[in-house]
Number of protein chains: 2
Amino acid sequence: MATTQTRPRASLSPEQVASAALELLDREGLDALSMRRLAGELGVGTMTLYGYFRSKDELLDAVVDAAVAEREPFSSDGTWQEQIRRLMQGSRRNLSRHPGLVKVRADRPVLRPEALRFAETGMTILRRAGFDRTDAARAFRLLFTYVFGYVSFSPDERADQARRDARAATAALPPDEYPSVHEASAELAEAMAGHETFDFGLDRIIDGLEARLRVAGRA
Amino acid sequence: MATTQTRPRASLSPEQVASAALELLDREGLDALSMRRLAGELGVGTMTLYGYFRSKDELLDAVVDAAVAEREPFSSDGTWQEQIRRLMQGSRRNLSRHPGLVKVRADRPVLRPEALRFAETGMTILRRAGFDRTDAARAFRLLFTYVFGYVSFSPDERADQARRDARAATAALPPDEYPSVHEASAELAEAMAGHETFDFGLDRIIDGLEARLRVAGRA
DNA sequence: ACCTGAACACCGTTCAAGT
DNA sequence: ACCTGAACACCGTTCAAGT
(Lines give C-alpha, C1' and ligand atoms only; values in the text may rest on other atoms or scores of the structure.)
Protein backbone atom coordinates (compact mmCIF):
# COMPACT_ATOMS: atom_id res chain seq x y z
CA MET A 1 0.00 0.00 0.00
CA ALA A 2 1.25 3.42 -0.92
CA THR A 3 -0.11 5.46 2.00
CA THR A 4 1.93 8.57 2.59
CA GLN A 5 4.33 8.09 5.48
CA THR A 6 4.84 11.82 5.95
CA ARG A 7 2.00 13.29 7.97
CA PRO A 8 0.02 15.92 6.08
CA ARG A 9 1.35 19.34 7.08
CA ALA A 10 0.31 20.54 10.49
CA SER A 11 -3.03 21.80 9.13
CA LEU A 12 -4.16 23.75 12.15
CA SER A 13 -7.49 25.43 12.72
CA PRO A 14 -7.83 29.08 13.82
CA GLU A 15 -9.28 27.76 17.10
CA GLN A 16 -6.19 25.63 17.73
CA VAL A 17 -3.93 28.59 17.06
CA ALA A 18 -5.97 30.81 19.40
CA SER A 19 -6.02 28.26 22.20
CA ALA A 20 -2.27 27.68 21.89
CA ALA A 21 -1.83 31.45 22.10
CA LEU A 22 -4.00 31.61 25.24
CA GLU A 23 -1.99 28.78 26.78
CA LEU A 24 1.28 30.58 26.02
CA LEU A 25 -0.13 33.83 27.40
CA ASP A 26 -1.16 32.15 30.66
CA ARG A 27 2.13 30.30 30.98
CA GLU A 28 4.60 33.06 30.16
CA GLY A 29 2.73 36.35 30.02
CA LEU A 30 1.94 38.92 27.39
CA ASP A 31 5.54 39.71 26.46
CA ALA A 32 6.15 36.08 25.53
CA LEU A 33 3.19 35.99 23.17
CA SER A 34 4.86 36.88 19.88
CA MET A 35 3.99 35.55 16.46
CA ARG A 36 7.48 34.06 16.23
CA ARG A 37 7.31 32.29 19.61
CA LEU A 38 3.81 30.98 18.99
CA ALA A 39 4.71 29.67 15.53
CA GLY A 40 7.78 27.99 17.03
CA GLU A 41 5.68 26.26 19.69
CA LEU A 42 3.23 25.07 17.06
CA GLY A 43 6.09 23.77 14.91
CA VAL A 44 5.27 25.93 11.89
CA GLY A 45 6.92 28.86 10.16
CA THR A 46 6.07 32.30 11.50
CA MET A 47 4.28 33.38 8.36
CA THR A 48 2.02 30.33 8.44
CA LEU A 49 0.04 32.02 11.23
CA TYR A 50 -0.92 34.79 8.82
CA GLY A 51 -2.92 32.19 6.95
CA TYR A 52 -5.26 31.95 9.95
CA PHE A 53 -5.28 35.58 11.13
CA ARG A 54 -4.58 38.66 9.08
CA SER A 55 -2.64 40.28 11.91
CA LYS A 56 -1.64 39.84 15.55
CA ASP A 57 -4.57 42.05 16.53
CA GLU A 58 -6.99 39.65 14.89
CA LEU A 59 -5.34 36.75 16.70
CA LEU A 60 -5.70 38.59 20.02
CA ASP A 61 -9.41 39.10 19.35
CA ALA A 62 -9.74 35.33 18.88
CA VAL A 63 -7.77 34.72 22.09
CA VAL A 64 -10.18 36.98 24.00
CA ASP A 65 -13.13 35.07 22.54
CA ALA A 66 -11.57 31.73 23.51
CA ALA A 67 -11.13 32.89 27.10
CA VAL A 68 -14.60 34.42 27.38
CA ALA A 69 -16.17 31.21 26.05
CA GLU A 70 -15.08 29.42 29.25
CA ARG A 71 -17.76 31.35 31.14
CA GLU A 72 -19.55 29.47 33.93
CA PRO A 73 -23.32 28.86 33.56
CA PHE A 74 -25.43 31.46 35.32
CA SER A 75 -28.48 30.69 37.43
CA SER A 76 -31.08 33.39 38.02
CA ASP A 77 -32.08 32.33 41.54
CA GLY A 78 -32.47 34.80 44.40
CA THR A 79 -32.94 38.56 44.61
CA TRP A 80 -31.49 40.88 41.99
CA GLN A 81 -28.80 41.83 44.50
CA GLU A 82 -27.75 38.21 44.92
CA GLN A 83 -27.79 37.66 41.17
CA ILE A 84 -25.63 40.72 40.44
CA ARG A 85 -23.27 39.66 43.19
CA ARG A 86 -22.85 36.17 41.74
CA LEU A 87 -22.52 37.46 38.17
CA MET A 88 -19.76 39.91 39.10
CA GLN A 89 -17.92 37.45 41.30
CA GLY A 90 -18.04 34.91 38.47
CA SER A 91 -16.75 37.51 36.02
CA ARG A 92 -13.87 38.33 38.30
CA ARG A 93 -13.01 34.62 38.58
CA ASN A 94 -13.03 34.29 34.80
CA LEU A 95 -10.84 37.32 34.30
CA SER A 96 -8.43 36.19 37.02
CA ARG A 97 -7.92 32.88 35.26
CA HIS A 98 -6.16 34.74 32.44
CA PRO A 99 -4.49 37.75 34.05
CA GLY A 100 -2.42 38.51 30.96
CA LEU A 101 -5.58 39.06 28.98
CA VAL A 102 -6.90 42.04 30.92
CA LYS A 103 -4.24 44.33 29.46
CA VAL A 104 -5.19 43.15 25.99
CA ARG A 105 -8.83 43.92 26.65
CA ALA A 106 -8.09 47.43 27.90
CA ASP A 107 -6.77 48.16 24.38
CA ARG A 108 -9.92 47.18 22.51
CA PRO A 109 -13.61 47.82 23.19
CA VAL A 110 -15.20 44.95 25.10
CA LEU A 111 -17.87 44.54 22.43
CA ARG A 112 -17.47 41.11 20.84
CA PRO A 113 -20.61 38.96 20.87
CA GLU A 114 -19.16 36.53 23.44
CA ALA A 115 -18.28 39.40 25.78
CA LEU A 116 -21.72 40.96 25.35
CA ARG A 117 -23.38 37.88 26.90
CA PHE A 118 -22.09 39.31 30.17
CA ALA A 119 -23.84 42.60 29.37
CA GLU A 120 -27.00 40.75 28.38
CA THR A 121 -27.15 38.87 31.67
CA GLY A 122 -26.39 41.99 33.68
CA MET A 123 -28.90 44.17 31.85
CA THR A 124 -31.61 41.52 32.20
CA ILE A 125 -31.12 41.38 35.97
CA LEU A 126 -31.09 45.18 36.31
CA ARG A 127 -34.16 45.73 34.14
CA ARG A 128 -36.13 43.08 36.06
CA ALA A 129 -35.04 44.75 39.29
CA GLY A 130 -36.85 47.87 38.11
CA PHE A 131 -34.13 50.16 36.71
CA ASP A 132 -35.14 52.14 33.62
CA ARG A 133 -33.03 51.69 30.50
CA THR A 134 -30.74 54.67 31.18
CA ASP A 135 -30.09 53.76 34.81
CA ALA A 136 -29.66 50.07 33.96
CA ALA A 137 -27.08 50.94 31.30
CA ARG A 138 -25.18 53.23 33.67
CA ALA A 139 -25.43 50.74 36.52
CA PHE A 140 -24.07 47.99 34.31
CA ARG A 141 -21.24 50.24 33.24
CA LEU A 142 -20.42 50.96 36.90
CA LEU A 143 -20.31 47.25 37.73
CA PHE A 144 -18.30 46.46 34.59
CA THR A 145 -15.79 49.21 35.39
CA TYR A 146 -15.39 47.96 38.93
CA VAL A 147 -14.79 44.33 37.97
CA PHE A 148 -12.38 45.10 35.12
CA GLY A 149 -10.66 47.82 37.14
CA TYR A 150 -10.23 45.50 40.10
CA VAL A 151 -8.62 42.79 38.00
CA SER A 152 -6.40 45.36 36.27
CA PHE A 153 -5.12 47.04 39.41
CA SER A 154 -5.42 44.36 42.13
CA PRO A 155 -4.27 41.10 40.53
CA ASP A 156 -4.79 38.13 42.82
CA GLU A 157 -1.88 35.98 41.87
CA ARG A 158 1.03 37.75 43.58
CA ALA A 159 -1.43 39.18 46.12
CA ASP A 160 1.10 38.69 48.92
CA GLN A 161 3.76 40.43 46.87
CA ALA A 162 1.41 43.38 46.29
CA ARG A 163 0.75 43.61 50.04
CA ARG A 164 4.44 43.48 50.87
CA ASP A 165 5.22 46.17 48.28
CA ALA A 166 2.45 48.39 49.65
CA ARG A 167 3.68 47.87 53.18
CA ALA A 168 7.24 48.81 52.21
CA ALA A 169 6.13 51.86 50.21
CA THR A 170 3.94 53.32 52.96
CA ALA A 171 6.49 52.55 55.67
CA ALA A 172 9.09 54.56 53.73
CA LEU A 173 6.93 57.71 53.72
CA PRO A 174 7.50 60.56 56.18
CA PRO A 175 4.72 60.11 58.80
CA ASP A 176 4.19 63.85 59.25
CA GLU A 177 3.48 64.37 55.54
CA TYR A 178 1.39 61.21 55.20
CA PRO A 179 -0.33 60.76 58.58
CA SER A 180 -3.48 59.00 57.35
CA VAL A 181 -1.65 56.58 55.06
CA HIS A 182 0.94 55.91 57.75
CA GLU A 183 -1.66 55.23 60.40
CA ALA A 184 -3.57 52.78 58.17
CA SER A 185 -0.48 51.24 56.56
CA ALA A 186 -1.42 47.69 57.58
CA GLU A 187 -5.04 48.05 56.50
CA LEU A 188 -4.10 49.62 53.16
CA ALA A 189 -1.65 46.79 52.47
CA GLU A 190 -4.32 44.22 53.31
CA ALA A 191 -6.80 45.98 50.99
CA MET A 192 -4.38 45.91 48.01
CA ALA A 193 -5.71 42.55 46.81
CA GLY A 194 -7.90 39.60 47.63
CA HIS A 195 -11.57 38.77 47.50
CA GLU A 196 -12.51 40.45 50.79
CA THR A 197 -11.62 43.84 49.33
CA PHE A 198 -13.40 43.00 46.09
CA ASP A 199 -16.54 41.88 47.92
CA PHE A 200 -16.55 44.95 50.17
CA GLY A 201 -16.53 47.23 47.13
CA LEU A 202 -19.09 45.19 45.25
CA ASP A 203 -21.46 45.26 48.23
CA ARG A 204 -21.16 49.04 48.58
CA ILE A 205 -21.97 49.44 44.87
CA ILE A 206 -25.00 47.16 45.17
CA ASP A 207 -26.18 49.11 48.25
CA GLY A 208 -25.81 52.35 46.31
CA LEU A 209 -27.80 50.95 43.39
CA GLU A 210 -30.48 49.75 45.79
CA ALA A 211 -30.80 53.26 47.21
CA ARG A 212 -31.13 54.64 43.68
CA LEU A 213 -33.91 52.17 42.93
CA ARG A 214 -35.83 53.26 46.04
CA VAL A 215 -35.58 56.94 45.06
CA ALA A 216 -36.55 56.26 41.44
CA GLY A 217 -39.45 54.07 42.61
CA ARG A 218 -40.89 56.92 44.67
CA ALA A 219 -40.73 59.37 41.77
CA MET B 1 38.61 85.68 23.20
CA ALA B 2 38.81 81.91 23.06
CA THR B 3 35.28 81.02 24.20
CA THR B 4 34.23 77.64 22.88
CA GLN B 5 31.99 78.05 19.86
CA THR B 6 30.59 74.53 20.15
CA ARG B 7 27.80 74.47 22.73
CA PRO B 8 28.59 72.24 25.67
CA ARG B 9 26.93 68.87 25.05
CA ALA B 10 23.23 68.77 25.54
CA SER B 11 23.63 68.16 29.25
CA LEU B 12 20.07 67.24 30.08
CA SER B 13 18.54 66.62 33.47
CA PRO B 14 16.51 63.49 34.31
CA GLU B 15 13.47 65.80 34.71
CA GLN B 16 13.93 67.15 31.19
CA VAL B 17 14.17 63.64 29.78
CA ALA B 18 11.04 62.56 31.69
CA SER B 19 9.02 65.55 30.58
CA ALA B 20 10.09 65.09 26.95
CA ALA B 21 8.98 61.46 27.27
CA LEU B 22 5.61 62.53 28.67
CA GLU B 23 5.18 64.99 25.85
CA LEU B 24 6.00 62.30 23.26
CA LEU B 25 3.60 59.89 24.99
CA ASP B 26 0.77 62.43 24.90
CA ARG B 27 1.49 63.39 21.32
CA GLU B 28 1.96 59.99 19.71
CA GLY B 29 0.94 57.34 22.21
CA LEU B 30 2.65 54.56 24.09
CA ASP B 31 3.93 52.71 21.02
CA ALA B 32 5.86 55.78 19.89
CA LEU B 33 7.64 56.12 23.22
CA SER B 34 10.81 54.17 22.53
CA MET B 35 14.27 54.93 23.84
CA ARG B 36 15.44 55.40 20.27
CA ARG B 37 12.65 57.79 19.30
CA LEU B 38 13.01 59.79 22.48
CA ALA B 39 16.78 60.10 22.11
CA GLY B 40 16.29 61.21 18.52
CA GLU B 41 13.84 63.94 19.57
CA LEU B 42 16.26 65.15 22.22
CA GLY B 43 19.09 65.16 19.70
CA VAL B 44 21.29 62.73 21.61
CA GLY B 45 22.46 59.16 21.03
CA THR B 46 20.17 56.42 22.25
CA MET B 47 22.59 55.23 24.88
CA THR B 48 22.91 58.68 26.39
CA LEU B 49 19.50 58.17 28.01
CA TYR B 50 20.94 55.30 30.02
CA GLY B 51 23.07 57.87 31.80
CA TYR B 52 19.88 59.31 33.31
CA PHE B 53 17.83 56.15 33.84
CA ARG B 54 19.11 52.64 34.29
CA SER B 55 16.30 51.21 32.15
CA LYS B 56 13.14 52.13 30.30
CA ASP B 57 11.16 50.98 33.33
CA GLU B 58 12.91 53.53 35.51
CA LEU B 59 12.21 56.22 32.92
CA LEU B 60 8.53 55.27 32.91
CA ASP B 61 8.42 55.61 36.70
CA ALA B 62 9.77 59.15 36.32
CA VAL B 63 7.20 59.89 33.61
CA VAL B 64 4.42 58.78 35.95
CA ASP B 65 5.81 61.04 38.68
CA ALA B 66 5.99 63.98 36.29
CA ALA B 67 2.34 63.53 35.32
CA VAL B 68 1.13 63.04 38.88
CA ALA B 69 2.95 66.17 40.01
CA GLU B 70 0.54 68.25 37.89
CA ARG B 71 -2.19 67.52 40.43
CA GLU B 72 -4.63 70.34 41.15
CA PRO B 73 -4.70 71.79 44.68
CA PHE B 74 -7.37 70.24 46.87
CA SER B 75 -9.67 72.18 49.17
CA SER B 76 -11.34 70.42 52.09
CA ASP B 77 -14.59 72.42 52.07
CA GLY B 78 -17.99 70.79 52.37
CA THR B 79 -19.23 67.40 53.57
CA TRP B 80 -17.08 64.29 53.22
CA GLN B 81 -19.31 63.24 50.33
CA GLU B 82 -18.62 66.48 48.48
CA GLN B 83 -14.91 66.22 49.20
CA ILE B 84 -14.64 62.64 47.94
CA ARG B 85 -16.63 63.61 44.88
CA ARG B 86 -14.29 66.50 44.05
CA LEU B 87 -11.16 64.45 44.76
CA MET B 88 -12.23 61.63 42.44
CA GLN B 89 -13.43 63.95 39.70
CA GLY B 90 -10.10 65.78 39.88
CA SER B 91 -8.22 62.49 39.72
CA ARG B 92 -10.15 61.45 36.64
CA ARG B 93 -9.34 64.80 35.00
CA ASN B 94 -5.64 64.33 35.76
CA LEU B 95 -5.59 60.79 34.41
CA SER B 96 -7.51 61.81 31.30
CA ARG B 97 -4.92 64.44 30.50
CA HIS B 98 -2.42 61.65 29.83
CA PRO B 99 -4.44 58.72 28.52
CA GLY B 100 -1.35 56.81 27.37
CA LEU B 101 -0.12 56.68 30.94
CA VAL B 102 -2.94 54.63 32.38
CA LYS B 103 -1.70 51.49 30.63
CA VAL B 104 1.76 52.12 32.06
CA ARG B 105 0.34 52.44 35.54
CA ALA B 106 -1.62 49.21 35.29
CA ASP B 107 1.76 47.44 34.94
CA ARG B 108 3.28 48.75 38.15
CA PRO B 109 1.88 49.24 41.65
CA VAL B 110 0.56 52.77 42.16
CA LEU B 111 2.79 53.29 45.18
CA ARG B 112 5.23 56.09 44.41
CA PRO B 113 5.25 58.93 46.96
CA GLU B 114 3.65 61.37 44.50
CA ALA B 115 0.83 58.94 43.77
CA LEU B 116 0.30 58.27 47.47
CA ARG B 117 -0.66 61.90 48.05
CA PHE B 118 -3.93 60.91 46.44
CA ALA B 119 -4.27 58.09 48.97
CA GLU B 120 -3.36 60.43 51.80
CA THR B 121 -6.05 62.94 50.86
CA GLY B 122 -8.63 60.22 50.36
CA MET B 123 -7.83 58.42 53.60
CA THR B 124 -7.93 61.67 55.56
CA ILE B 125 -11.42 62.47 54.28
CA LEU B 126 -12.69 58.95 54.95
CA ARG B 127 -11.24 58.74 58.47
CA ARG B 128 -12.72 62.15 59.37
CA ALA B 129 -16.06 60.97 58.01
CA GLY B 130 -16.00 58.24 60.63
CA PHE B 131 -14.81 55.09 58.82
CA ASP B 132 -12.53 52.84 60.84
CA ARG B 133 -9.11 52.05 59.40
CA THR B 134 -10.16 48.82 57.70
CA ASP B 135 -13.29 50.27 56.13
CA ALA B 136 -11.46 53.45 55.11
CA ALA B 137 -8.74 51.43 53.38
CA ARG B 138 -11.29 49.28 51.56
CA ALA B 139 -13.42 52.30 50.68
CA PHE B 140 -10.40 54.10 49.27
CA ARG B 141 -9.50 51.02 47.26
CA LEU B 142 -13.05 50.91 45.86
CA LEU B 143 -12.88 54.55 44.81
CA PHE B 144 -9.37 54.12 43.38
CA THR B 145 -10.44 51.06 41.40
CA TYR B 146 -13.44 52.88 40.00
CA VAL B 147 -11.50 55.96 38.87
CA PHE B 148 -8.61 54.02 37.33
CA GLY B 149 -10.96 51.43 35.84
CA TYR B 150 -13.11 54.14 34.30
CA VAL B 151 -10.16 55.86 32.65
CA SER B 152 -8.81 52.49 31.44
CA PHE B 153 -12.04 51.24 29.90
CA SER B 154 -14.00 54.42 29.04
CA PRO B 155 -11.46 56.86 27.60
CA ASP B 156 -12.97 60.28 27.01
CA GLU B 157 -11.04 61.38 23.98
CA ARG B 158 -12.68 59.34 21.21
CA ALA B 159 -15.85 59.12 23.31
CA ASP B 160 -17.99 59.53 20.21
CA GLN B 161 -16.06 56.78 18.46
CA ALA B 162 -16.63 54.47 21.46
CA ARG B 163 -20.36 55.21 21.33
CA ARG B 164 -20.54 54.57 17.59
CA ASP B 165 -18.63 51.28 17.96
CA ALA B 166 -20.95 50.19 20.78
CA ARG B 167 -23.99 51.09 18.74
CA ALA B 168 -22.73 49.10 15.75
CA ALA B 169 -21.79 46.10 17.88
CA THR B 170 -25.13 45.84 19.68
CA ALA B 171 -27.11 46.49 16.49
CA ALA B 172 -25.37 43.52 14.86
CA LEU B 173 -26.52 41.09 17.58
CA PRO B 174 -29.50 38.78 17.10
CA PRO B 175 -32.32 40.46 19.12
CA ASP B 176 -33.79 37.16 20.29
CA GLU B 177 -30.49 36.08 21.88
CA TYR B 178 -29.69 39.52 23.27
CA PRO B 179 -33.07 41.08 24.12
CA SER B 180 -31.94 43.28 27.02
CA VAL B 181 -28.86 44.63 25.24
CA HIS B 182 -30.83 45.16 22.05
CA GLU B 183 -33.61 47.02 23.85
CA ALA B 184 -31.15 49.35 25.63
CA SER B 185 -28.75 49.68 22.70
CA ALA B 186 -28.95 53.49 22.64
CA GLU B 187 -28.59 53.85 26.40
CA LEU B 188 -25.66 51.42 26.53
CA ALA B 189 -23.89 53.33 23.76
CA GLU B 190 -24.46 56.60 25.57
CA ALA B 191 -23.09 55.09 28.80
CA MET B 192 -19.84 53.92 27.12
CA ALA B 193 -18.06 57.17 27.93
CA GLY B 194 -18.43 60.68 29.25
CA HIS B 195 -18.69 62.37 32.58
CA GLU B 196 -22.41 61.70 33.14
CA THR B 197 -21.72 57.98 33.32
CA PHE B 198 -18.68 58.56 35.53
CA ASP B 199 -20.65 60.79 37.91
CA PHE B 200 -23.57 58.36 38.08
CA GLY B 201 -21.25 55.56 39.19
CA LEU B 202 -19.35 57.76 41.61
CA ASP B 203 -22.57 58.93 43.25
CA ARG B 204 -23.81 55.35 43.66
CA ILE B 205 -20.50 54.40 45.32
CA ILE B 206 -20.69 57.38 47.67
CA ASP B 207 -24.31 56.48 48.55
CA GLY B 208 -23.23 52.92 49.28
CA LEU B 209 -20.41 54.14 51.52
CA GLU B 210 -22.81 56.47 53.32
CA ALA B 211 -25.11 53.51 54.04
CA ARG B 212 -22.14 51.58 55.40
CA LEU B 213 -21.23 54.44 57.71
CA ARG B 214 -24.79 54.56 59.10
CA VAL B 215 -24.74 50.81 59.85
CA ALA B 216 -21.26 50.95 61.41
CA GLY B 217 -22.29 54.00 63.47
CA ARG B 218 -25.21 52.12 65.00
CA ALA B 219 -23.06 49.11 65.97
C1' DA C 1 33.80 61.86 32.82
C1' DC C 2 30.65 61.80 29.61
C1' DC C 3 28.81 60.17 25.56
C1' DT C 4 27.77 56.83 21.86
C1' DG C 5 28.18 53.44 17.59
C1' DA C 6 28.09 48.68 16.77
C1' DA C 7 26.23 44.50 17.95
C1' DC C 8 22.95 41.10 20.00
C1' DA C 9 18.70 39.13 20.55
C1' DC C 10 14.47 40.17 19.77
C1' DC C 11 9.66 42.28 17.36
C1' DG C 12 5.34 42.47 13.33
C1' DT C 13 4.71 42.25 8.66
C1' DT C 14 5.60 42.42 3.29
C1' DC C 15 7.06 40.12 -0.51
C1' DA C 16 8.63 36.76 -3.43
C1' DA C 17 9.64 32.25 -3.81
C1' DG C 18 9.34 27.40 -2.80
C1' DT C 19 6.60 22.67 -2.92
C1' DA D 1 -3.10 25.81 -2.74
C1' DC D 2 -0.57 26.02 0.99
C1' DC D 3 3.38 27.21 3.33
C1' DT D 4 7.60 29.89 4.47
C1' DG D 5 12.61 32.09 4.31
C1' DA D 6 14.59 36.44 3.57
C1' DA D 7 14.22 41.10 4.19
C1' DC D 8 12.59 45.57 6.16
C1' DA D 9 11.90 48.62 9.67
C1' DC D 10 11.69 48.55 14.10
C1' DC D 11 12.65 47.27 19.64
C1' DG D 12 15.73 47.39 24.69
C1' DT D 13 20.12 46.79 26.27
C1' DT D 14 25.32 45.26 26.65
C1' DC D 15 29.77 46.26 25.64
C1' DA D 16 33.70 48.43 24.10
C1' DA D 17 35.38 52.36 22.27
C1' DG D 18 35.59 57.20 21.31
C1' DT D 19 36.48 62.35 22.96
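Both backbone and side-chain heavy atoms feed into the values below; hydrogens, waters and symmetry mates do not. The chains referred to below are lettered A, B, ... by the order of the sequence lines, with proteins before strands, and numbering in each begins at 1. None of the values given here were measured: they were computed from a predicted structure.
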How many Å lie between [atom1] on [X] and [atom2] on [N], as a whole number?
X: Arg54(A); N: dG12(C); atom1: CZ; atom2: C1'; value: 16 Å
X: Leu59(A); N: dG12(C); atom1: CG; atom2: P; value: 10 Å
X: Phe53(B); N: dT13(D); atom1: CZ; atom2: P; value: 13 Å
X: Arg37(A); N: dC11(C); atom1: CZ; atom2: P; value: 8 Å
X: Asp31(B); N: dC10(D); atom1: CG; atom2: P; value: 13 Å
X: Glu28(B); N: dC10(D); atom1: CD; atom2: P; value: 12 Å
X: Leu49(B); N: dC2(C); atom1: CG; atom2: P; value: 16 Å
X: Leu12(B); N: dC2(C); atom1: CG; atom2: P; value: 13 Å

Of all the nucleotides listed ([options]), which has the minimum atom distance to the side chain of [X]?
X: Ser34(B); options: dT13(C), dC3(D), dG12(D); answer: dG12(D)
X: Met47(B); options: dT13(D), dG12(C), dT14(D); answer: dT14(D)
X: Met35(B); options: dC3(C), dG12(C), dG12(D); answer: dG12(D)
X: Thr46(B); options: dG12(D), dT13(D), dA7(D); answer: dT13(D)
X: Tyr52(B); options: dT13(C), dT13(D), dC3(C); answer: dC3(C)
X: Val44(B); options: dC3(C), dG12(D), dT4(C); answer: dT4(C)

[X] (side chain) donor-acceptor with [Y] (main chain) under 3.5 angstrom:
X: Glu120(B); Y: Ser180(A); result: yes
X: Arg86(A); Y: Phe74(A); result: no
X: Thr48(B); Y: Gly45(B); result: yes
X: Tyr52(B); Y: Gln16(B); result: no

Self-check item: Nucleotide paired to dC10(C) in any strand shown, Watson-Crick or G-U, under 3.5 Å
Solution: none
Quiz item: Is there a Watson-Crick or G-U wobble partner for dA17(D) with both distances under 3.5 Å, and which nucleotide is it?
Solution: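 Its partner: none found.
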Quiz prompt | Phosphate-side-chain proximity, Tyr50(B) and dT13(D), N/O vs OP1/OP2 below 4.0 Å | solution = yes
Quiz item: Does the distance from a Lys or Arg side-chain N to an Asp or Glu carboxylate O, for Asp160(A) and Arg163(A), drop under 4.0 Å?
Solution: yes
Quiz item: Relative to the 5' end of DNA chain C, which residue comes earlier, Ser55(A) or Gly45(B), by the nucleotide with the nearest heavy atom?
Solution: Gly45(B)
Quiz item: Of Arg36(B) and Gly51(A), whose nearest nucleotide on DNA chain D comes first from the 5' end?
Solution: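 Upstream on the strand: Gly51(A).
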